[in-house]
Amino acid sequence: MNENFFENVYEVVKLIPEGRVTSYGAIGEYLGSKRSARMVGWAMAASHTLPDVPAHRVVNAKGLLTGKTHFTTPTEMATLLKNEGVNVVDEKIVDFEKHFWNPMLELM
DNA sequence: ACACTGACCACTG
DNA sequence: CCAGTGGCCAGTG
């Protein structure tokens, strides 16, 4: 296992508490590259094979469930979030700021 | 080696 | 508010 961007992404995502969410940009920023948010999402797509990675807790900067298309079913992501107490309306997280979990503040 | 793509983000007009 | 542009890194054809 090489220690690379992917590993770090997985580590952070695994640490996201239940009922909390974060964004690709936040993770990328925590890893040192704010502009590498694309890669984070891309890493997620590759990591969705790992059961310990709650990908449904990772959304884009606007709180939109952009990654839902990569789930087994498009509704899976919203269902999981709602199941954890995160209200989702029209593929968007309600009170995104309240549920937002900043890795830089929690893991520093 | 080159070009294109991607679960993105922020800025500018 | 919406549209367009640049930037970031890695993988694939």
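Everything numeric in this text was worked out from a predicted model, so none of it was measured. Below, chains carry the letters A, B, ... as their sequence lines are ordered, and counting in each starts from 1.
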In whole angstrom, give the distance that lies between atom CE of A:Met44 and atom P of B:dC8. 11 Å
P-based separation of B:dC4 from C:dG6 [nearest Å]: 15 Å
Taking side-chain contact (heavy atoms from CB on, under 4.5 Å) as the test, write out the residues that go with A:Ser23, two or more places apart. A:Ala26, A:Phe100
Got a sec, which residues hit side-chain contact (heavy atoms from CB on, under 4.5 Å) with A:Pro54, two or more places apart in sequence or on another chain? A:Val13, A:His56, A:Arg57
Could you run through nucleotides 5-13 of chain C and give me one letter per nucleotide, 5' to 3': B if any protein heavy atom sits under 4.0 Å from the base, S if only the sugar-phosphate is that close, - if neither? -BBBBSS--
Rounded to the nearest angstrom, tell me the gap between atom CG in A:Leu64 and atom P in B:dC9. 9 Å
Select base, sugar-phosphate, or nothing to describe what A:Ala61 touches, counting heavy atoms under 4.0 Å on all strands. sugar-phosphate
Co-membership, hydrophobic cluster, residues A:Met39 and A:Leu31, 4.5 Å side-chain: yes
Could you tell me which residues satisfy ring pair (Phe, Tyr, Trp, His ring centres under 6.0 Å) with A:Trp42, sequence neighbours excluded, listed by chain and number? A:Phe6
Minimum heavy-atom separation for A:Met77 to A:Val58, with atom names? CE-O, 3.2 Å
Expressed as a whole number of angstroms, how long is the span from A:His70:NE2 to B:dG6:P? 9 Å
Reported CG-to-CZ distance for the pair A:Asn87 and A:Phe96, which is rounded to 0.5 angstrom: 14.5 Å
Taking all non-hydrogen atoms of both residues into account, name the closest pair between A:Tyr10 and A:Ser47 and its distance. CE2-CB, 2.5 Å
What's A:Ala46 touching, base or sugar-phosphate or nothing? Going by heavy atoms closer than 4.0 Å. nothing
Rounded distance in Å - CG (A:Asn60) to C1' (B:dC9): 9 Å
Annotated structure of DNA chain C as dot-bracket, pair cut-off 3.5 Å, Watson-Crick or G-U only, | for inter-strand, is .||||||.|||||
Sequence neighbours excluded, every pair satisfying side-chain hydrogen bond (donor to acceptor under 3.5 Å, both in side chains) that has a member inside residues 94-108 of chain A: none
